[in-house]
Amino acid sequence: MKRLSYPFTASQIRDARLGEIVSLSGKVFTGRDRLHQFLAEGGRPPLDLRDGAMFHCGPVTAREGGAWAIRAAGPTTSSRQEPYMPSIIERLQIRVIIGKGGMGDGTRRACVKHGCIYVQAIGGAAVLLAGSIQSVVGVHFLREFGEAEALWELAVEDLRGIVTIDTRGRCLHENIRTVSRKALDRML
Amino acid sequence: MRESHWEKNLFDLIRRTSTDLPMDVEAALRRALRMERLGGRPRWVLSTILRNVELARKKDAPLCQDTGTLRFYFRVPVGFDTNALVAVVRAAVSKATRCGYLRQNTVDPVFGCSFPTNIAHGSPVFDFQQGGRKSVDVRLVMNGGGCENVGGQYALPDCDLAAGRNLEGARRCILDSVWKAQGQGCAPGVLGVCIGGDRVTGHEHAKEQFLRKIGDSSSIRAVARLESRMMKEIGQMGIGPMGLGGRSTVLGVKIGSLSCLPASFFVSVSHMCWAFRRRGMVLGPEGGVHRWLY
(Lines give C-alpha, C1' and ligand atoms only; values in the text may rest on other atoms or scores of the structure.)
Protein backbone atom coordinates (compact mmCIF):
# COMPACT_ATOMS: atom_id res chain seq x y z
CA MET A 1 0.00 0.00 0.00
CA LYS A 2 1.27 3.43 -0.98
CA ARG A 3 0.82 6.46 1.28
CA LEU A 4 0.13 9.80 -0.36
CA SER A 5 -0.18 13.07 1.47
CA TYR A 6 -1.38 16.57 0.65
CA PRO A 7 -0.14 18.46 -1.32
CA PHE A 8 -0.26 15.63 -3.83
CA THR A 9 2.70 16.53 -6.01
CA ALA A 10 3.27 15.22 -9.51
CA SER A 11 6.21 13.13 -8.36
CA GLN A 12 4.16 11.51 -5.56
CA ILE A 13 1.38 10.33 -7.80
CA ARG A 14 3.56 9.24 -10.72
CA ASP A 15 4.60 6.19 -8.70
CA ALA A 16 1.05 5.08 -7.96
CA ARG A 17 0.52 1.86 -9.88
CA LEU A 18 -2.67 0.68 -11.49
CA GLY A 19 -4.66 -1.59 -9.17
CA GLU A 20 -2.66 -0.57 -6.12
CA ILE A 21 -4.33 0.36 -2.83
CA VAL A 22 -3.40 3.89 -1.76
CA SER A 23 -3.89 5.69 1.53
CA LEU A 24 -4.49 9.44 1.35
CA SER A 25 -3.83 11.85 4.20
CA GLY A 26 -3.93 15.60 4.58
CA LYS A 27 -6.70 17.46 2.88
CA VAL A 28 -9.36 16.59 0.32
CA PHE A 29 -12.12 18.66 -1.28
CA THR A 30 -15.57 17.35 -2.08
CA GLY A 31 -17.49 18.32 -5.16
CA ARG A 32 -20.43 17.07 -7.14
CA ASP A 33 -22.39 18.01 -10.24
CA ARG A 34 -23.04 21.66 -9.51
CA LEU A 35 -19.51 22.50 -8.39
CA HIS A 36 -17.99 20.76 -11.42
CA GLN A 37 -20.24 22.55 -13.82
CA PHE A 38 -19.49 25.86 -12.09
CA LEU A 39 -15.71 25.33 -12.23
CA ALA A 40 -15.70 24.03 -15.80
CA GLU A 41 -17.61 27.10 -16.92
CA GLY A 42 -14.78 29.25 -15.60
CA GLY A 43 -16.13 29.88 -12.09
CA ARG A 44 -13.52 30.98 -9.57
CA PRO A 45 -12.81 28.39 -6.87
CA PRO A 46 -13.15 29.80 -3.35
CA LEU A 47 -9.69 28.43 -2.48
CA ASP A 48 -6.59 27.18 -4.26
CA LEU A 49 -7.23 23.61 -5.41
CA ARG A 50 -3.74 23.05 -6.85
CA ASP A 51 -2.18 19.67 -6.00
CA GLY A 52 -5.47 18.80 -4.33
CA ALA A 53 -7.74 15.78 -4.34
CA MET A 54 -11.30 16.17 -5.60
CA PHE A 55 -13.60 13.71 -3.88
CA HIS A 56 -16.84 13.07 -5.78
CA CYS A 57 -19.01 12.95 -2.71
CA GLY A 58 -22.09 14.50 -1.17
CA PRO A 59 -21.81 13.80 2.55
CA VAL A 60 -24.45 13.39 5.25
CA THR A 61 -23.61 16.03 7.82
CA ALA A 62 -24.79 17.09 11.24
CA ARG A 63 -24.08 20.04 13.52
CA GLU A 64 -22.57 18.86 16.76
CA GLY A 65 -21.94 21.53 19.36
CA GLY A 66 -21.52 24.29 16.80
CA ALA A 67 -19.11 22.29 14.62
CA TRP A 68 -19.81 20.26 11.52
CA ALA A 69 -19.61 16.49 11.75
CA ILE A 70 -19.56 14.17 8.73
CA ARG A 71 -21.74 11.12 9.41
CA ALA A 72 -21.48 9.39 6.05
CA ALA A 73 -19.25 10.19 3.08
CA GLY A 74 -19.00 7.62 0.31
CA PRO A 75 -18.13 8.33 -3.31
CA THR A 76 -20.77 9.18 -5.89
CA THR A 77 -20.68 8.07 -9.54
CA SER A 78 -17.88 9.97 -11.26
CA SER A 79 -18.93 9.55 -14.88
CA ARG A 80 -21.45 12.39 -14.50
CA GLN A 81 -18.49 14.79 -14.16
CA GLU A 82 -16.88 13.59 -17.38
CA PRO A 83 -17.91 16.67 -19.42
CA TYR A 84 -16.24 18.95 -16.86
CA MET A 85 -13.31 17.00 -15.43
CA PRO A 86 -10.64 17.40 -18.15
CA SER A 87 -10.79 21.20 -18.11
CA ILE A 88 -10.82 21.28 -14.29
CA ILE A 89 -7.72 19.08 -14.14
CA GLU A 90 -5.97 21.35 -16.61
CA ARG A 91 -6.98 24.71 -15.20
CA LEU A 92 -6.90 24.03 -11.47
CA GLN A 93 -4.18 21.35 -11.43
CA ILE A 94 -6.04 18.77 -9.44
CA ARG A 95 -3.82 15.73 -8.91
CA VAL A 96 -6.16 13.13 -7.48
CA ILE A 97 -9.77 12.32 -8.25
CA ILE A 98 -11.57 10.12 -5.72
CA GLY A 99 -14.85 8.63 -6.86
CA LYS A 100 -16.50 5.50 -8.08
CA GLY A 101 -17.05 3.79 -11.40
CA GLY A 102 -14.17 5.42 -13.25
CA MET A 103 -14.29 8.11 -15.91
CA GLY A 104 -14.10 8.50 -19.67
CA ASP A 105 -11.42 8.94 -22.22
CA GLY A 106 -11.20 12.73 -21.87
CA THR A 107 -10.31 12.45 -18.19
CA ARG A 108 -7.92 9.59 -18.85
CA ARG A 109 -6.04 11.72 -21.39
CA ALA A 110 -6.03 14.73 -19.04
CA CYS A 111 -4.53 12.46 -16.35
CA VAL A 112 -1.65 11.63 -18.67
CA LYS A 113 -1.11 15.17 -19.92
CA HIS A 114 -1.31 17.02 -16.62
CA GLY A 115 -0.34 14.33 -14.11
CA CYS A 116 -3.42 13.16 -12.25
CA ILE A 117 -4.71 9.81 -10.98
CA TYR A 118 -8.16 8.41 -10.35
CA VAL A 119 -8.72 6.57 -7.09
CA GLN A 120 -11.76 4.38 -6.76
CA ALA A 121 -13.14 4.50 -3.23
CA ILE A 122 -15.54 1.78 -2.18
CA GLY A 123 -19.02 2.90 -3.14
CA GLY A 124 -21.42 2.84 -0.25
CA ALA A 125 -18.71 2.41 2.38
CA ALA A 126 -19.78 5.77 3.71
CA VAL A 127 -19.31 5.26 7.44
CA LEU A 128 -15.87 3.76 7.05
CA LEU A 129 -14.80 6.63 4.79
CA ALA A 130 -16.35 9.17 7.16
CA GLY A 131 -14.18 7.58 9.86
CA SER A 132 -11.07 8.71 8.00
CA ILE A 133 -12.25 12.32 8.12
CA GLN A 134 -10.63 14.05 11.08
CA SER A 135 -12.41 17.37 10.82
CA VAL A 136 -14.23 19.81 8.59
CA VAL A 137 -11.76 22.58 7.74
CA GLY A 138 -14.26 24.65 5.83
CA VAL A 139 -17.35 24.60 3.66
CA HIS A 140 -18.00 26.72 0.58
CA PHE A 141 -21.12 27.28 -1.55
CA LEU A 142 -23.27 25.78 1.19
CA ARG A 143 -26.09 28.25 0.61
CA GLU A 144 -25.81 28.20 -3.18
CA PHE A 145 -25.48 24.46 -3.78
CA GLY A 146 -26.90 22.87 -0.63
CA GLU A 147 -25.37 20.40 1.79
CA ALA A 148 -24.74 17.51 -0.59
CA GLU A 149 -23.37 19.64 -3.44
CA ALA A 150 -21.24 22.06 -1.42
CA LEU A 151 -17.44 22.13 -1.51
CA TRP A 152 -16.36 20.60 1.79
CA GLU A 153 -12.75 21.06 2.77
CA LEU A 154 -11.88 18.01 4.85
CA ALA A 155 -8.87 16.96 6.88
CA VAL A 156 -8.42 13.21 6.33
CA GLU A 157 -6.19 10.48 7.65
CA ASP A 158 -5.74 7.17 5.86
CA LEU A 159 -8.56 7.44 3.33
CA ARG A 160 -8.19 4.33 1.19
CA GLY A 161 -8.97 3.48 -2.38
CA ILE A 162 -7.63 1.70 -5.45
CA VAL A 163 -5.81 3.44 -8.29
CA THR A 164 -7.87 2.69 -11.40
CA ILE A 165 -6.52 5.35 -13.79
CA ASP A 166 -2.82 6.12 -13.56
CA THR A 167 -0.61 8.85 -15.00
CA ARG A 168 0.38 6.57 -17.87
CA GLY A 169 -3.23 6.45 -19.00
CA ARG A 170 -3.90 2.88 -18.04
CA CYS A 171 -7.46 2.26 -16.90
CA LEU A 172 -8.61 -0.70 -14.83
CA HIS A 173 -12.29 -0.07 -15.61
CA GLU A 174 -11.55 -0.28 -19.31
CA ASN A 175 -9.59 -3.52 -18.83
CA ILE A 176 -12.48 -5.14 -16.95
CA ARG A 177 -14.94 -3.89 -19.57
CA THR A 178 -12.93 -5.56 -22.34
CA VAL A 179 -12.48 -8.86 -20.50
CA SER A 180 -16.15 -9.04 -19.48
CA ARG A 181 -17.24 -8.21 -23.04
CA LYS A 182 -15.36 -11.25 -24.31
CA ALA A 183 -17.02 -13.43 -21.69
CA LEU A 184 -20.42 -11.96 -22.59
CA ASP A 185 -19.92 -12.58 -26.30
CA ARG A 186 -19.21 -16.24 -25.56
CA MET A 187 -22.54 -16.51 -23.74
CA LEU A 188 -24.69 -14.65 -26.29
CA MET B 1 -55.14 6.83 15.07
CA ARG B 2 -52.62 7.71 17.81
CA GLU B 3 -50.24 9.50 15.54
CA SER B 4 -47.26 9.81 17.84
CA HIS B 5 -47.21 6.03 18.33
CA TRP B 6 -47.25 5.38 14.61
CA GLU B 7 -44.73 8.11 13.91
CA LYS B 8 -42.30 6.79 16.48
CA ASN B 9 -42.39 3.28 15.05
CA LEU B 10 -42.17 4.40 11.43
CA PHE B 11 -39.24 6.63 12.37
CA ASP B 12 -37.62 3.55 13.89
CA LEU B 13 -38.24 1.64 10.64
CA ILE B 14 -36.45 4.37 8.65
CA ARG B 15 -33.60 4.60 11.13
CA ARG B 16 -33.02 0.87 11.12
CA THR B 17 -33.33 0.53 7.33
CA SER B 18 -30.73 3.24 6.80
CA THR B 19 -28.20 1.95 9.32
CA ASP B 20 -28.65 -1.81 9.72
CA LEU B 21 -28.21 -4.05 6.67
CA PRO B 22 -30.58 -7.08 6.76
CA MET B 23 -29.05 -10.39 7.83
CA ASP B 24 -29.78 -12.19 4.55
CA VAL B 25 -27.86 -9.54 2.60
CA GLU B 26 -24.94 -9.52 5.00
CA ALA B 27 -24.74 -13.33 4.93
CA ALA B 28 -24.69 -13.22 1.11
CA LEU B 29 -21.83 -10.69 1.21
CA ARG B 30 -19.90 -13.02 3.54
CA ARG B 31 -20.47 -15.94 1.16
CA ALA B 32 -19.24 -13.74 -1.71
CA LEU B 33 -16.12 -12.86 0.27
CA ARG B 34 -15.30 -16.54 0.77
CA MET B 35 -15.57 -17.11 -2.99
CA GLU B 36 -12.82 -14.61 -3.75
CA ARG B 37 -9.10 -15.39 -3.62
CA LEU B 38 -7.22 -14.59 -0.42
CA GLY B 39 -5.16 -11.43 -0.70
CA GLY B 40 -6.84 -10.39 -3.94
CA ARG B 41 -8.45 -7.07 -4.79
CA PRO B 42 -12.09 -8.31 -4.81
CA ARG B 43 -11.58 -9.70 -1.34
CA TRP B 44 -10.25 -6.36 -0.12
CA VAL B 45 -13.29 -4.61 -1.59
CA LEU B 46 -15.72 -7.03 0.07
CA SER B 47 -13.99 -6.92 3.43
CA THR B 48 -14.10 -3.11 3.29
CA ILE B 49 -17.83 -3.32 2.56
CA LEU B 50 -18.41 -5.70 5.47
CA ARG B 51 -16.43 -3.50 7.85
CA ASN B 52 -18.63 -0.61 6.79
CA VAL B 53 -21.76 -2.67 7.47
CA GLU B 54 -20.58 -3.45 11.00
CA LEU B 55 -19.50 0.10 11.68
CA ALA B 56 -22.77 1.63 10.46
CA ARG B 57 -24.72 -0.68 12.77
CA LYS B 58 -22.45 0.08 15.71
CA LYS B 59 -22.42 3.83 15.16
CA ASP B 60 -26.10 4.01 14.24
CA ALA B 61 -25.12 5.95 11.09
CA PRO B 62 -26.39 5.67 7.48
CA LEU B 63 -24.67 2.78 5.69
CA CYS B 64 -24.37 4.88 2.56
CA GLN B 65 -24.58 8.63 2.18
CA ASP B 66 -27.09 8.22 -0.65
CA THR B 67 -30.11 7.31 1.41
CA GLY B 68 -32.03 6.85 -1.81
CA THR B 69 -35.61 6.89 -2.94
CA LEU B 70 -37.80 5.86 -0.01
CA ARG B 71 -40.31 3.32 -1.21
CA PHE B 72 -42.94 2.27 1.35
CA TYR B 73 -45.07 -0.81 0.72
CA PHE B 74 -48.16 -0.96 2.91
CA ARG B 75 -50.57 -3.89 3.24
CA VAL B 76 -53.47 -2.64 5.32
CA PRO B 77 -56.86 -3.96 6.48
CA VAL B 78 -59.84 -3.19 4.25
CA GLY B 79 -61.14 0.33 4.84
CA PHE B 80 -57.99 1.50 6.65
CA ASP B 81 -57.30 5.26 6.55
CA THR B 82 -54.28 5.45 4.25
CA ASN B 83 -54.27 9.26 4.19
CA ALA B 84 -53.49 9.22 7.88
CA LEU B 85 -50.63 6.79 7.19
CA VAL B 86 -49.21 9.10 4.53
CA ALA B 87 -49.23 11.95 7.05
CA VAL B 88 -47.37 10.00 9.74
CA VAL B 89 -44.83 8.63 7.26
CA ARG B 90 -44.11 12.17 6.09
CA ALA B 91 -43.61 13.32 9.66
CA ALA B 92 -41.30 10.35 10.32
CA VAL B 93 -39.28 11.05 7.14
CA SER B 94 -38.86 14.71 8.10
CA LYS B 95 -37.67 13.75 11.54
CA ALA B 96 -35.27 11.10 10.19
CA THR B 97 -33.79 13.74 7.87
CA ARG B 98 -33.36 16.23 10.70
CA CYS B 99 -31.68 13.54 12.81
CA GLY B 100 -29.18 12.67 10.05
CA TYR B 101 -30.54 9.18 9.25
CA LEU B 102 -31.48 10.46 5.80
CA ARG B 103 -29.55 12.91 3.66
CA GLN B 104 -31.28 15.97 2.24
CA ASN B 105 -31.67 13.94 -0.87
CA THR B 106 -34.58 15.37 -2.82
CA VAL B 107 -34.26 18.11 -5.43
CA ASP B 108 -36.57 19.82 -7.88
CA PRO B 109 -35.54 19.06 -11.47
CA VAL B 110 -37.00 22.31 -12.85
CA PHE B 111 -35.95 24.85 -10.24
CA GLY B 112 -32.88 23.06 -8.92
CA CYS B 113 -33.85 23.67 -5.31
CA SER B 114 -33.43 21.09 -2.56
CA PHE B 115 -36.24 19.92 -0.28
CA PRO B 116 -34.74 20.01 3.21
CA THR B 117 -37.04 17.35 4.70
CA ASN B 118 -37.24 14.97 1.71
CA ILE B 119 -40.97 15.64 1.48
CA ALA B 120 -41.89 16.71 -2.02
CA HIS B 121 -43.99 15.84 -5.05
CA GLY B 122 -43.12 12.17 -5.55
CA SER B 123 -41.18 11.70 -2.33
CA PRO B 124 -41.50 9.42 -0.50
CA VAL B 125 -43.13 6.80 -2.73
CA PHE B 126 -46.12 4.80 -1.49
CA ASP B 127 -47.69 1.54 -2.51
CA PHE B 128 -50.92 0.58 -0.76
CA GLN B 129 -52.86 -2.64 -0.94
CA GLN B 130 -55.83 -3.66 1.15
CA GLY B 131 -56.08 -7.18 2.51
CA GLY B 132 -58.12 -9.24 4.93
CA ARG B 133 -55.76 -8.97 7.88
CA LYS B 134 -56.21 -6.81 10.95
CA SER B 135 -52.57 -5.80 11.10
CA VAL B 136 -50.58 -3.36 8.97
CA ASP B 137 -47.58 -4.78 7.12
CA VAL B 138 -45.09 -2.08 6.10
CA ARG B 139 -41.86 -2.58 4.21
CA LEU B 140 -39.32 0.07 3.26
CA VAL B 141 -36.75 -0.20 0.50
CA MET B 142 -34.10 2.50 0.02
CA ASN B 143 -32.81 2.59 -3.51
CA GLY B 144 -29.79 4.84 -4.14
CA GLY B 145 -29.16 6.80 -7.32
CA GLY B 146 -26.03 4.97 -8.47
CA CYS B 147 -27.80 1.67 -9.02
CA GLU B 148 -31.05 3.31 -10.11
CA ASN B 149 -29.19 4.98 -12.98
CA VAL B 150 -27.98 1.71 -14.47
CA GLY B 151 -31.40 0.06 -14.64
CA GLY B 152 -33.18 -0.23 -17.95
CA GLN B 153 -36.02 -1.57 -20.00
CA TYR B 154 -35.90 -3.64 -23.16
CA ALA B 155 -38.70 -3.99 -25.72
CA LEU B 156 -38.39 -7.36 -27.38
CA PRO B 157 -37.59 -8.49 -29.99
CA ASP B 158 -34.20 -6.76 -29.89
CA CYS B 159 -32.13 -7.38 -33.01
CA ASP B 160 -28.80 -6.21 -31.54
CA LEU B 161 -29.05 -8.74 -28.73
CA ALA B 162 -30.79 -11.37 -30.87
CA ALA B 163 -33.32 -11.41 -28.06
CA GLY B 164 -36.71 -12.91 -28.89
CA ARG B 165 -39.94 -12.86 -26.92
CA ASN B 166 -39.22 -15.66 -24.50
CA LEU B 167 -37.12 -16.51 -21.44
CA GLU B 168 -33.99 -16.82 -23.57
CA GLY B 169 -34.61 -13.27 -24.79
CA ALA B 170 -34.96 -12.12 -21.18
CA ARG B 171 -31.69 -13.87 -20.34
CA ARG B 172 -29.89 -11.89 -23.03
CA CYS B 173 -31.32 -8.60 -21.78
CA ILE B 174 -30.22 -9.34 -18.20
CA LEU B 175 -26.67 -10.19 -19.30
CA ASP B 176 -26.52 -7.04 -21.41
CA SER B 177 -27.77 -4.89 -18.56
CA VAL B 178 -25.17 -6.29 -16.15
CA TRP B 179 -22.37 -5.77 -18.66
CA LYS B 180 -23.41 -2.18 -19.34
CA ALA B 181 -23.63 -1.41 -15.62
CA GLN B 182 -20.12 -2.76 -14.86
CA GLY B 183 -19.35 -1.53 -11.33
CA GLN B 184 -21.48 1.62 -11.56
CA GLY B 185 -24.34 0.15 -9.56
CA CYS B 186 -22.03 -0.72 -6.61
CA ALA B 187 -21.80 -4.46 -7.20
CA PRO B 188 -22.40 -7.00 -5.80
CA GLY B 189 -26.09 -6.29 -5.36
CA VAL B 190 -29.36 -7.81 -6.44
CA LEU B 191 -31.20 -7.64 -9.75
CA GLY B 192 -34.96 -7.22 -9.80
CA VAL B 193 -36.40 -8.23 -13.15
CA CYS B 194 -39.90 -8.19 -14.58
CA ILE B 195 -40.80 -10.00 -17.76
CA GLY B 196 -43.96 -8.48 -19.26
CA GLY B 197 -46.21 -5.72 -17.95
CA ASP B 198 -46.06 -2.27 -19.51
CA ARG B 199 -43.52 0.58 -19.29
CA VAL B 200 -44.65 1.51 -15.77
CA THR B 201 -45.82 -1.76 -14.21
CA GLY B 202 -42.74 -3.56 -15.53
CA HIS B 203 -40.39 -1.42 -13.50
CA GLU B 204 -42.72 -1.43 -10.50
CA HIS B 205 -42.84 -5.20 -10.46
CA ALA B 206 -39.08 -5.43 -11.01
CA LYS B 207 -38.63 -3.34 -7.86
CA GLU B 208 -41.15 -5.44 -5.92
CA GLN B 209 -38.74 -8.34 -6.38
CA PHE B 210 -36.50 -6.56 -3.86
CA LEU B 211 -39.02 -7.51 -1.18
CA ARG B 212 -37.99 -11.14 -1.66
CA LYS B 213 -35.27 -12.65 0.50
CA ILE B 214 -31.88 -13.31 -1.09
CA GLY B 215 -32.12 -17.07 -0.62
CA ASP B 216 -35.54 -17.70 -2.18
CA SER B 217 -36.37 -18.63 -5.76
CA SER B 218 -39.32 -18.11 -8.06
CA SER B 219 -42.34 -20.39 -7.59
CA ILE B 220 -42.45 -20.88 -11.36
CA ARG B 221 -40.00 -23.66 -12.12
CA ALA B 222 -38.75 -22.32 -15.48
CA VAL B 223 -38.20 -18.87 -13.97
CA ALA B 224 -36.42 -20.34 -10.95
CA ARG B 225 -34.09 -22.18 -13.32
CA LEU B 226 -33.41 -18.93 -15.17
CA GLU B 227 -32.65 -17.17 -11.87
CA SER B 228 -30.00 -19.69 -10.91
CA ARG B 229 -28.56 -19.81 -14.42
CA MET B 230 -28.24 -16.00 -14.42
CA MET B 231 -26.36 -16.11 -11.11
CA LYS B 232 -23.83 -18.47 -12.58
CA GLU B 233 -23.42 -16.72 -15.92
CA ILE B 234 -23.15 -13.22 -14.45
CA GLY B 235 -20.40 -14.52 -12.16
CA GLN B 236 -18.50 -15.76 -15.19
CA MET B 237 -18.30 -12.25 -16.68
CA GLY B 238 -15.64 -11.37 -14.09
CA ILE B 239 -16.90 -7.85 -13.34
CA GLY B 240 -16.67 -8.36 -9.58
CA PRO B 241 -17.22 -6.14 -6.53
CA MET B 242 -17.36 -2.45 -7.52
CA GLY B 243 -16.49 -3.56 -11.07
CA LEU B 244 -12.82 -4.02 -10.22
CA GLY B 245 -12.75 -7.68 -11.27
CA GLY B 246 -13.74 -10.85 -9.45
CA ARG B 247 -16.42 -13.49 -9.25
CA SER B 248 -19.09 -11.85 -7.13
CA THR B 249 -21.01 -9.43 -9.30
CA VAL B 250 -24.52 -10.16 -7.99
CA LEU B 251 -25.82 -11.62 -4.74
CA GLY B 252 -29.16 -12.57 -6.23
CA VAL B 253 -31.29 -12.44 -9.38
CA LYS B 254 -35.02 -12.14 -8.71
CA ILE B 255 -37.34 -12.47 -11.67
CA GLY B 256 -41.09 -11.86 -11.73
CA SER B 257 -43.59 -11.73 -14.56
CA LEU B 258 -46.77 -9.83 -15.41
CA SER B 259 -49.30 -10.36 -18.18
CA CYS B 260 -48.80 -8.08 -21.15
CA LEU B 261 -50.41 -6.98 -24.39
CA PRO B 262 -49.88 -9.18 -27.42
CA ALA B 263 -48.00 -6.26 -28.99
CA SER B 264 -45.65 -5.68 -26.03
CA PHE B 265 -42.91 -7.75 -24.47
CA PHE B 266 -40.88 -5.74 -22.01
CA VAL B 267 -38.01 -6.90 -19.88
CA SER B 268 -37.41 -4.40 -17.08
CA VAL B 269 -34.21 -4.68 -15.10
CA SER B 270 -33.73 -2.83 -11.84
CA HIS B 271 -30.34 -2.90 -10.11
CA MET B 272 -29.90 -2.78 -6.35
CA CYS B 273 -26.48 -2.08 -4.86
CA TRP B 274 -24.80 -4.11 -2.11
CA ALA B 275 -26.16 -1.55 0.38
CA PHE B 276 -29.50 -3.27 -0.04
CA ARG B 277 -31.50 -1.46 2.60
CA ARG B 278 -34.80 -3.20 3.18
CA ARG B 279 -36.67 -3.61 6.43
CA GLY B 280 -40.24 -4.19 7.40
CA MET B 281 -42.55 -4.48 10.36
CA VAL B 282 -46.00 -5.76 11.22
CA LEU B 283 -47.95 -3.20 13.21
CA GLY B 284 -51.11 -3.71 15.18
CA PRO B 285 -54.23 -1.60 14.52
CA GLU B 286 -53.01 0.87 17.17
CA GLY B 287 -49.55 1.17 15.63
CA GLY B 288 -47.67 -1.06 18.09
CA VAL B 289 -44.90 -3.27 16.65
CA HIS B 290 -45.94 -6.95 16.52
CA ARG B 291 -42.72 -8.07 14.89
CA TRP B 292 -39.93 -7.06 12.53
CA LEU B 293 -39.63 -8.58 9.08
CA TYR B 294 -36.33 -9.64 7.43
Side-chain angles (χ1 to χ4, degrees), chain A residues 1 19-21 30 33-34 57-64 69-80 100-102 120-131 144-149 160-164 172-188, chain B residues 18-19 41 44-45 48-49 51-59 61-67 99-105 107 112-114 116 144-146 149-150 161-163 171-172 175-176 178-179 182-187 233 236-245 249 273-275:
Chain A
M1 188 179 66
E20 184 176 41
I21 297 169
T30 70
D33 310 57
R34 295 185 70 175
C57 168
V60 180
T61 60
R63 290 287 263 180
E64 284 173 9
I70 304 289
R71 283 173 59 82
T76 186
T77 306
S78 297
S79 60
R80 292 197 311 274
K100 75 177 167 88
Q120 160 108 19
I122 306 307
V127 187
L128 207 58
L129 288 161
E144 296 88 334
F145 297 166
E147 172 194 311
E149 301 265 349
R160 292 185 191 186
I162 295 175
V163 178
T164 57
L172 186 61
H173 306 278
E174 207 42 53
N175 298 351
I176 303 287
R177 185 177 289 273
T178 308
V179 172
S180 56
R181 180 77 234 181
K182 281 184 189 147
L184 175 64
D185 286 340
R186 281 196 298 274
M187 289 186 268
L188 287 182
Chain B
S18 179
T19 59
R41 196 188 305 131
W44 182 77
V45 174
T48 303
I49 285 171
R51 270 170 52 218
N52 186 72
V53 169
E54 287 162 12
L55 204 60
R57 190 175 288 139
K58 202 172 103 192
K59 287 193 154 183
L63 267 170
C64 173
Q65 79 289 343
D66 185 352
T67 49
C99 295
Y101 291 113
L102 300 174
R103 183 171 69 180
Q104 291 179 4
N105 212 29
V107 294
C113 58
S114 172
N149 287 345
V150 293
L161 294 171
R171 169 185 166 266
R172 287 169 175 261
L175 287 173
D176 180 68
V178 170
W179 181 78
Q182 292 288 310
Q184 304 276 2
C186 289
E233 291 188 332
Q236 287 166 1
M237 284 206 276
I239 294 170
M242 294 312 298
L244 300 176
T249 308
C273 58
W274 66 258

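Lettering follows sequence order; numbering is per chain, from 1.
- Between the A:Arg71 side chain and the B:Gly100 main chain, a donor and an acceptor come within less than 3.5 Å of each other.
- Considering only heavy-atom pairs separated by less than 4.5 Å from chain B, the leading option among A:Gly101, A:Ala72, A:Ser180 is A:Ser180.
- Proximity of a side-chain donor or acceptor of A:Arg160 to a complementary backbone N or O of B:Thr48 within less than 3.5 Å is not detected.
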**OP:** Evaluate the criterion side-chain contact (heavy atoms from CB on, under 4.5 Å) for residue pair B:Leu175 and A:Leu188; output intermediate values, then yes/no.
**Re:** CA-CA 9 Å; B:Leu175 287 173; A:Leu188 287 182; 4.2 Å; yes
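- Contact tally against chain B (heavy-atom pairs below 4.5 Å) for A:Ile21, A:Asn175, A:Val179: the top residue is A:Ile21.
- Contact of B:Ser114 with chain A is not made at all, since no heavy-atom distance falls under 4.5 Å.
- Using a 4.5 Å cut-off between heavy atoms, A:Arg181 contacts chain B through both its backbone and its side chain.
- Proximity to chain A (any heavy atom under 4.5 Å) is restricted, for B:Gln182, to the side chain, taken from C-beta onward.
- With rounding to the nearest 0.5 angstrom, the CD atom of A:Glu147 is 4.5 Å from the CD atom of B:Gln104.
- The heavy-atom pair separating A:Ala183 from B:Met237 by the smallest distance is CB-CA, 3.9 Å.
- Looking at B:Ala162, neither its backbone nor its side chain comes within 4.5 Å of chain A, counting heavy atoms on both sides.
- Neither the backbone nor the side chain of A:Ile70 comes within contact range of chain B; no heavy atom of the residue lies under 4.5 Å from a heavy atom of that chain.
- Contact annotation for A:Leu172: only side-chain heavy atoms (C-beta onward) come within less than 4.5 Å of a heavy atom of chain B.
- Ranked by non-hydrogen atom pairs under 4.5 Å with chain A, the options B:Ile239, B:Asp66, B:Asn105, B:Leu244 are led by B:Leu244.
- With a threshold of 4.5 angstrom between heavy atoms, A:Gln120 approaches chain B through side-chain atoms but not through N, CA, C or O.
- With a threshold of 4.5 angstrom between heavy atoms, A:Ser79 approaches chain B through side-chain atoms but not through N, CA, C or O.
- Contacts between B:Ala275 and chain A at a heavy-atom distance below 4.5 Å are absent for every atom of the residue.
- A donor-acceptor pair under 3.5 Å links the side-chain atoms of B:Asn52 to the main chain of A:Gly124, judged by distance alone.
- Across all non-hydrogen atoms, the minimal contact from B:Cys186 to A:Gly123 is SG-CA, 3.7 Å.
- Checked by atom type and distance alone, the side chain of B:Gln65 pairs as donor or acceptor with a backbone atom of A:Gly74 at under 3.5 Å.
- The contact between A:Ala125 and chain B is made by backbone and side chain atoms together, counting heavy-atom distances below 4.5 Å.
- Heavy atoms only, all atoms of each residue included: A:Lys100 and B:Met242 are closest at CD-CE, 4.1 Å.
- Among the candidates B:Leu63, B:Leu161, B:Val45, B:Ile49, the residue making the largest number of heavy-atom pairs closer than 4.5 Å to chain A is B:Leu63.
- No other option in A:Val60, A:Ile122, A:Thr77 has as many heavy-atom pairs under 4.5 Å with chain B as A:Ile122.
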